[in-house]
Amino acid sequence: MAPPFIFPSKLHDLESEDTDDDIHLTVQSPTSISSFSSSALDEFTKGVVFDLSDKELFCIEDQDVFDRVYSLIRDFPSLPASCKFNLVESLRSNLSVLLPNIDSLSRGAPSPCSDAGAFTDRVASHRNAFKIYTFFLVAVFRSEESNHSASNNTKAASQTRKKYAANSWNWESQRSRIVSLIANSLEVNLMLLFGSSDPDENYLSFITKFAFSMFENPVLLKDADAKDALCRIIGTCATKYHYSAQSCASILHLIHKFDYVSVHLADAVVWAEKKYMDSSLAISLIREIGRTNPKDYVRDTVGAENIGRFLVELADRLPKLMSTNIGILVPHFGGESYKIRNALVGVLGKLVAKAFKDVDGDVSAKSIRLRSKQAMLEILLERCRDVSAYTRSRVLQVWAELCEEHAVSIGLWNEVATVASGRLEDKSAIVRKSALNLLIMMLQHNPFGPQLRVASFEVTLETYKEKLREMEPAVPSESALEGTPSENGISVADSEVDQAEAEVDHQDSVTDSCLPNMENAAPNDSSSMPDFGNSEQTRALIASLEAGLRFSKCLSSVMPTLVQLLASSSATDVENTILLLMRCRQFQIDGSEACLRKMLPLVFSQDKSIYAAVEDAFITIYIRKNPAETAANLLNLAVESNIGDLAALEFIIGSLVSKGDISTNMITALWDFFSFNVSGVTAEQSRGALSVLCMAAKLSPGIIGSHLQDVIDIGFGRWAKQDPLLARTACIALQRLSEGEKEKLMSSSGSKVFGMLQNLITGFWLPDNIWYAAADKAISAIYSIHPTPETLATEVVKRSLSSVFDCNGEKEVLNAFDSRDTIFPSTLQVAKLSRFLFIISHVALNQLVYIESCVRKIQKQKLKKDRVNCGSNDVQGDCTTTEAPMKDGITAELGLAASEDAILDTLSERAEKEIISVSSVEKNLIGCCAPFLSKLCRNFSFMQKFPELQASGMLALCRLMIIDADFCEANLQLLFTVVESAPTEVVRSNCTIALGDLAVRYPNLLEPWTENVYARLRDPSISVRKNAVLVLSHLILNDMMKVKGYINEMAMRLEDEDERISSLAKLFFHELSKKGSNPIYNLLPDILGRLSNQNLKEEAFHNIMHFLIGSIKKDKQMEALVEKLCNRFSGVTERKQWEYIAYCLSQLTFTEKGIKKLMELFKTYEHVLSEDSVMDHFRGIINKGKKFAKPELKSCIEEFEEKLNKFHMERKEQELTAKNAQVHHKKVTSAGVEGFMVAKESSGEEDAKEDISEDGSSEVINPSSADKLAHSVESDESLSASSAVSEPEPRSNSRDFSNSKSKKSTRAITKGQKDGVSSTRSVTRSSR
């Protein structure tokens, strides 16, 4: 009989001799097969395989066979593919046959009369063979896995694998067969084989160690069959053979070490529980995790995440088991590891959704389950306020999953909605994203119906309440039950909500008829309401309706927050907000339609994801398959949009036209609406359709040309009188014509069109509030269509002038202003004059644009001509090609090309000058108007009587100033006077905008007035301040205006009372921080110094500096700011400024270098440490440093903290001493004066004069009273300290006190007679 086989720790340990007293099977004569030739090796392998196949199963324990098999296994990687295959197949088949024999041992147990020794030998042989086959197969598995993993990294190994596969050896297919066989061997009845209910420790240790080591290979775990077999091995050993303690430790070790094993090990635990109905392994793991110190998870963040993933998997697959043991894990909610808290939140979500679905059991069991579920839900609600943003986000995600699985009751629905709406204002973007997704999910799975209008709920609710009031007299006892608690502590109202929830789940007809479609039903129409037979069901429905009403109001209340999120700097906020608003619109939430309109300007965002989200939402909402519906949606949107929304709509329409998303059928439908071919179309809708067509024509000009006559007839006909804006839109349509269509228009009906445009500009049939916009577009249309627009513009100006001054003839028109240079008649028609000023200024501005366009055309023609000449030279022969460069060289030498450009520039400048030509002798029409306009705007008393005239006049003046530099310089002071002193905010706002245009065109002229431009930020009007912020932002960000010196004015707008201005200022500094190396870093000290001298509230200052410092991200800049701010302490003396500088220091992000620099600069701020507020800021800096500091730095910080505290106490004591000295000095002075007065009254004698005070004033004191005075001082000396505290004297710093000591400035009496001097000196010493 062979000796017993004991599993070695390594394969090569079988060659070592027995050193212990126990004899076991080892290798005696190993064969070195490395020296074999391929044929010899093949013969050797065939011999071993033949013995294993031909002999009995137990031949493996024969020493010769054992040694030869070991030799092959030891050098298994070097074997040919055929040898590997044959050997493994022999070992695997023998073990497969052996397993049924082991089962038969239990049936063939010896009787008392039989030979027990022979049976024992059989059992030993089976046990030995079982162990040896298992060991050799495991050794092959390990060898091939290590070789296979290494070969995956090299190309040569890949080619070798292909060669082996061709020779019938494929390890991927063999792998799962071997490990599955080992797993099957564990399920055999091994009790008789090992002599006990459990196999011996050596075998179980070897098998589990092998299985757990294979879990470290991620490639192996991708093989589903092999992974399942490994899970069976672990589950069987831990559960069936009670090897749970060791398995539990190994499982936790693997989970902590590898992130990919959590799910697979959870599979093993779940398989063991379901296979053997034994949850001991799962419970052991949960208890071990629960007993772990929470601080360990803080140090091991990867392990905490893996453990959390494992717990969530267990909760998902074993919810009931986890629910009974969740109490072990709940204390970890108080730990510092947010990853564990995240996992526990996920566990609770799985349990709430899956652990309480069982409805079986008695009342007490149901009550326990209900209380457990309620406790878990309360924990989930509480965790929504977790300190970690990751946990708050995870909780909201769990709530979204519960809503999706319909695991949230109606009674809890509104509480969750309230929490989610509150989290929309969370400071973390990931929390806001989860809150938005939760609200989307709640809307999608809400139990109240597909329409959630507040009005519908209110009408339906009132109807059912009326029905309930009719029922109450018949059942009086029911009213007494309302709101009273039931036996299990749940109020009747809550039970009604639960009952309503059940009815909503099981009676779809009730939901469909009652909740969504009530907007079309009359309040008292009982026929449309389902009739409930008793009051309890009615109460339940009322409770459900009230819950739905609260949910609808909750969503309506978050619309302002969603509008703010649309302006968020986070792209995820914007994208998810758009999705939520679309879902709200789908469910008809009040205010959602208006909020969606506010997303249109986001098409100008530079973030492509935001633009894509807006475009997708626009297509989803407004573009339909039916062209008529699409046209109606677009024209209604155009009618209801403001100017900003129209610009965004034009951008989107242009994009859709270029992509082909707006088809020709949609364009045809829009023309039908414009031409009144659709019944019921109003003039306003016609104008909206034309606006959309103009937007589309910007990219496809042919759209307007096909219906040009309709545009003329309708746009300038009788419909324009019903909707005056229709004429303005028609002018825009004329500008969108292509060049060919413009020529066609001039030849066919040009005079008619220009007559209409002239009548629109000079006529008075349009109201004032619309005429200006219409005249603007009409003049632009003239300059866009007419071949010589200046001729027609001249006629327009003359007609307008004659209507104002009643003059006829060209000379009268030109001299109309001369007789009115000094007089402004009161009978002047202000409205006509305002229109005239607008016309001349707009004509002048369009003339400037026209000149520039003509110059560009000439330059393009010249460039095109040069290209044609170059092309013709290339086509000609070699002779001409050699002559062409010579001609070009001569032209370049003579400078002819440059002279042509110079001539063109000269002509352009001359043409621009002639628009106004203020300084020339021959003035043109607008040149005659310019001096009159300037003089009119200077007559402030006249202008204040007519604010509309002042607005029009200043606007015209600004336009003319933009055109001509000389006119601008002459009127610049007037402009700044008006912008500062004009009584109406419209004038100041317009002038502020004009200042931006002037700064772009004439930066040198505006530079001396920079401070005045910044002063507009302090204007009392909100609109002026807003325009000033916009203008300065444009100028500064485009490097058109200097920043330094006045940027503090812009910084103060960060705390503007108007939220819009504050947001614009924040956006400006955010964009400024992106330029170069962040200019805010260089500007911050200057801003700090200027803001410290402003009359700002402390909170406002803190908010401004916190925002500005937060925009500085680089560590080097932060470290440099530490030095800059510390050095400012020595340059200021006010305590308020000390506190402000210390606050700014506390807001910096400190690094190790920053902390060290702060310590090095201690001398610069040691004198300010007496202030408590300053010291508090330094303590905050120290606390920050301790959080990230290493042990060495932490000790330095603690020493620095002690030093700060020491100096703080010393300075405080010095201040207190100085204060006491001042108080005592005052007491001595007052006592001396009092003694003198008493002595004078009693004796009436005059003594020598004494100097009583510091300032040189002299008093007369009686020498005989000196002793009395000294005595009174000594008696009062003991009370000086307490008096110093009670007296409201100003505090002085330590330097004042030290100076007073050195100069002896606290001396009470400086001069006197001999008798008086001695007592006075004693007083001085006591005061010191």
Side-chain angles (χ1 to χ4, degrees), residues 238 244-245 247-257 259 261-263 265-270 272-273 278-357 368-388 390-399 401-402 407:
S244 60
S247 300
C248 181
S250 299
I251 289 173
L252 292 178
H253 171 73
L254 284 175
I255 292 174
H256 278 275
K257 190 174 181 181
D259 58 352
V261 301
S262 299
V263 177
L265 289 174
D267 291 339
V269 175
V270 172
E273 198 274 341
D278 186 353
S279 57
S280 58
L281 179 59
I283 294 174
S284 298
L285 289 168
I286 295 171
R287 288 178 178 174
E288 283 296 324
I289 295 172
R291 282 197 293 264
T292 305
N293 190 343
K295 294 183 179 179
D296 295 342
Y297 293 125
V298 178
R299 292 188 290 268
D300 183 13
T301 56
V302 176
E305 187 173 1
N306 297 341
I307 287 290
R309 193 180 297 113
F310 176 75
L311 289 174
V312 173
E313 286 293 328
L314 283 185
D316 187 32
R317 304 185 188 189
L318 301 174
K320 291 185 179 180
L321 172 66
M322 183 64 78
S323 65
T324 57
N325 295 276
I326 190 63
I328 303 172
L329 302 173
V330 168
H332 281 276
F333 273 118
E336 296 181 10
S337 175
Y338 73 88
K339 292 187 176 181
I340 288 295
R341 297 201 302 273
N342 286 3
L344 294 180
V345 164
V347 168
L348 292 181
K350 297 293 184 183
L351 297 184
V352 170
K354 297 184 177 182
F356 304 101
K357 290 184 177 181
I368 291 172
R369 287 199 298 270
L370 182 61
R371 285 196 296 270
S372 299
K373 182 178 180 180
Q374 187 65 27
M376 293 179 187
L377 292 172
E378 290 176 357
I379 292 175
L380 288 177
L381 286 173
E382 179 186 355
R383 286 298 108 190
C384 291
R385 295 181 289 273
D386 196 279
V387 295
S388 172
Y390 295 104
T391 303
R392 296 197 300 272
S393 174
R394 180 62 185 137
V395 175
L396 297 175
Q397 292 173 11
V398 168
W399 278 115
E401 294 169 3
L402 293 177

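Small disclaimer: the values here were computed from a predicted structure and weren't measured. We use all heavy atoms of the structure for the numbers below, so side chains are in, but hydrogens, waters and symmetry mates are not.
Of all non-hydrogen atoms in Arg392 and Val387, the two that sit nearest each other are NH1-O, 3.3 Å. When all heavy atoms of Ser388 and Arg341 are compared, the closest pair comes out as CB-NH2, 3.3 Å. Summarising the geometry of Gly335 relative to Pro294, their closest heavy-atom pair is CA-CB, 4.0 Å, with the distance given to 0.1 Å. Minimum heavy-atom separation, Ala238 to Leu281: CB-CD2, 3.9 Å. In this structure, Lys320 and Ala355 approach most closely via the heavy-atom pair CG-O, 4.3 Å.
In this structure Glu288 satisfies the salt bridge (Lys or Arg N to Asp or Glu O under 4.0 Å) test together with Arg291, sequence neighbours excluded. The salt bridge (Lys or Arg N to Asp or Glu O under 4.0 Å) search around Asp259 returns none, not counting sequence neighbours. Applying the ring-ring contact (aromatic ring centres under 6.0 Å, His included) test to Phe333 and every residue at least two apart in sequence or in another chain returns nothing. Every residue meeting the side chain to side chain contact (heavy atoms under 4.5 Å, CB included) condition with Asn325, not counting sequence neighbours, appears here in chain and number order: Ile283, Ile286, Leu321, Ile328. Taking the side chain to side chain donor-acceptor pair (under 3.5 Å) definition, one finds that Thr391 meets it with Asn342, sequence neighbours left out. Looking at residues two or more places apart in sequence or on another chain, you find a salt bridge (Lys or Arg N to Asp or Glu O under 4.0 Å) between Glu313 and Arg317. With sequence neighbours left out, the side chain to side chain donor-acceptor pair (under 3.5 Å) criterion links Ser280 to Asp278. For the side chain to side chain donor-acceptor pair (under 3.5 Å) test, no residue two or more places apart in sequence or in another chain qualifies with Arg287.
The structure places CG of Leu318 at 10.5 Å from OG of Ser323, a figure rounded to the nearest 0.5 Å. Between Met376 atom CE and Ser372 atom OG the span is 6.0 Å, to the nearest 0.5 Å. To the nearest 0.5 Å, the span separating CG on Leu329 from CG on Leu311 amounts to 5.5 Å. The line from CG of Leu285 to CD1 of Ile251 is 5.0 Å long, rounded to the nearest 0.5 Å.
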Could you tabulate the donor-acceptor pairs under 3.5 Å formed by side-chain atoms of residues 377-384, not counting sequence neighbours?
residue: Arg383; atom: NH1; partner: Asp386; partner atom: OD2; Å: 2.5

Under 3.5 Å donor-acceptor pairs involving side-chain atoms of residues 345-353, not counting sequence neighbours:
none

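The closest side-chain heavy-atom distance from Leu252 to Ile307 is below 4.5 Å.
Under the side-chain hydrogen bond (donor to acceptor under 3.5 Å, both in side chains) criterion, the residue pairs touching residues 298-307 are His256-Asp300, Asp296-Arg299, Glu305-Lys339, Asn306-Arg309, with sequence neighbours excluded. Sequence neighbours left out, the pairs with a member in residues 281-315 that pass ring-ring contact (aromatic ring centres under 6.0 Å, His included) are Tyr297-His332.
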